[in-house]
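Working notes for the structure below.
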Protein chains: 2
Amino acid sequence: MKPLIIATGDLSKKNVALVLGLYDLMITQRKAKNAAQEYLASEYIQHNPTLPTGAIALGEAFTEFAATHPKLRVEVHRIIAAGNYVWAHVHFINIFSNEANDRGIAGVDIYRFDDNGKMAEHWDVLQAVPDPDTSANTNGMF
Amino acid sequence: MKPLIIATGDLSKKNVALVLGLYDLMITQRKAKNAAQEYLASEYIQHNPTLPTGAIALGEAFTEFAATHPKLRVEVHRIIAAGNYVWAHVHFINIFSNEANDRGIAGVDIYRFDDNGKMAEHWDVLQAVPDPDTSANTNGMF
């Protein structure tokens, strides 16, 4: 799917392209170590509490994760950029199972870029997508 | 606390101020119905699966929620704006208990503004903050 891109200015548009490139190389192409090397500052500060800090550690951790989640994919629904930040509203699918009915996890990833155009810090918030039959509205999480 | 504001341009800065105003009136001042009336478009589209859609419904639902969460407060850590969007990285505290050690919920709220400067659509992702002793890094979720 094509995300809604909310960005003005050349630097923000470039940073959006870098984050989309990270998802593509790390998740779609499953080259997590290459992705970490290409896109992340070596001193990458990780705030996701399940992941170790640092770029090399992320490449290694995600390589293991991908191996146990062979159908994992990500859909980027909307992505906003300003200053040296990019925030992405994403849907990780086939994370609980390999079945087509896996509802997946909704997330927002927050990336701070350094002056060299590398991602230097990352925060996220993740939530399992609930059964829509239990929802108080019919709008979906995205 | 004072949030990091990531916004350029008058409209984005104004929209950030409106979202901070919504949190203040709805959560800090506990005037949810007034906040909904002041800041939201009447046809407010709600994507949080636990809340009904519409501005009036949110004001009513949050009034009930506040009544059962007397110490609830929100800290906005960082907030980004571009185009007609504002995204906020927030920490809801005293949501699981009224005790000082309540770790709370991390969230990102996404607001889309209409052409009248009202919030017309809202998405969020929410995650309980884990015990830091169980974290794979020492950086915290914020």
Side-chain angles (χ1 to χ4, degrees), chain A residues 4-9 11-13 16 44-54 57-58 61 77-91 103 105-112 121-142, chain B residues 4-9 11-13 16 44-54 57-58 61 77-91 103 105-112 121-142:
Chain A
L4 172 68
I5 296 176
I6 310 155
T8 53
L11 180 62
S12 289
K13 288 175 185 171
V16 164
Y44 186 71
I45 301 168
Q46 178 62 261
H47 292 268
N48 177 312
T50 71
L51 292 168
T53 205
L58 179 66
H77 283 258
R78 49 191 65 77
I79 186 164
I80 189 170
N84 51 350
Y85 281 82
V86 175
W87 302 28
H89 190 197
V90 298
H91 190 189
R103 287 194 298 273
I105 284 180
V108 173
D109 282 312
I110 300 176
Y111 300 93
R112 179 179 62 78
E121 192 162 7
H122 169 258
W123 302 256
D124 61 10
V125 179
L126 300 170
Q127 178 180 357
V129 175
D131 182 342
D133 290 345
T134 68
S135 179
N137 62 67
T138 58
N139 301 321
M141 279 194 76
F142 296 99
Chain B
L4 172 68
I5 296 176
I6 311 154
T8 52
L11 180 62
S12 289
K13 289 175 184 170
V16 164
Y44 186 71
I45 301 168
Q46 178 63 262
H47 292 269
N48 177 312
T50 71
L51 292 168
T53 205
L58 179 65
H77 283 259
R78 49 192 65 78
I79 185 164
I80 190 171
N84 51 349
Y85 282 81
V86 175
W87 302 28
H89 190 197
V90 299
H91 189 189
R103 288 194 298 273
I105 284 180
V108 173
D109 282 311
I110 300 175
Y111 299 92
R112 179 178 63 77
E121 192 161 8
H122 169 259
W123 302 257
D124 60 12
V125 179
L126 300 169
Q127 179 180 357
V129 175
D131 182 343
D133 290 345
T134 68
S135 179
N137 62 65
T138 58
N139 301 322
M141 280 194 75
F142 296 99

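In what follows, every heavy atom counts, from backbone to side chain, and hydrogens, waters and symmetry copies are set aside. Chain A is the first sequence line, chain B the second, and so forth, proteins listed ahead of strands; every chain is numbered from 1.
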Report all side-chain donor-acceptor pairs from residues 134-142 of chain B shorter than 3.5 Å, counting only partners two or more places apart or in another chain.
| from | atom 1 | to | atom 2 | distance (Å) |
| --- | --- | --- | --- | --- |
| B:Thr134 | OG1 | B:Asp131 | O | 2.7 |
| B:Ser135 | OG | A:Pro49 | O | 3.3 |
| B:Ser135 | OG | B:Asn137 | N | 3.2 |
| B:Ser135 | OG | B:Asn137 | O | 2.8 |
| B:Asn137 | OD1 | B:Asn139 | N | 3.0 |
| B:Asn137 | ND2 | A:Gln46 | O | 3.1 |
| B:Asn137 | ND2 | A:Asn48 | O | 2.9 |
| B:Asn137 | ND2 | A:Leu51 | O | 2.7 |
| B:Asn139 | ND2 | A:Gln46 | O | 2.6 |
| B:Asn139 | ND2 | A:Thr53 | OG1 | 3.1 |

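- With respect to chain A, the highest number of heavy-atom pairs below 4.5 Å among B:Pro52, B:Gly83, B:Ser12 belongs to B:Pro52.
- Looking at A:Ala81, only its backbone comes within 4.5 Å of chain B, counting heavy atoms on both sides.
- For the set A:Leu126, A:Val129, A:Thr50, the entry with the most heavy-atom pairs within less than 4.5 Å of chain B is A:Leu126.
- For the pair A:Trp123/B:Arg78, a side-chain contact is recorded, criterion being any heavy-atom separation below 4.5 Å from C-beta on.
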> Passes side chain to side chain contact (heavy atoms under 4.5 Å, CB included), B:His89 versus A:Val108? Steps please.
Replying inline: CA-CA 9 Å; B:His89 190 197; A:Val108 173; over 6 Å; no

*Apply side chain to side chain contact (heavy atoms under 4.5 Å, CB included) to A:Tyr85 and B:Leu4, showing your working.*
CA-CA 11 Å; A:Tyr85 281 82; B:Leu4 172 68; 3.3 Å; yes

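- Side-chain atoms of A:Ile110 and B:Trp87, non-hydrogen and from C-beta on, never get closer than 4.5 Å to each other.
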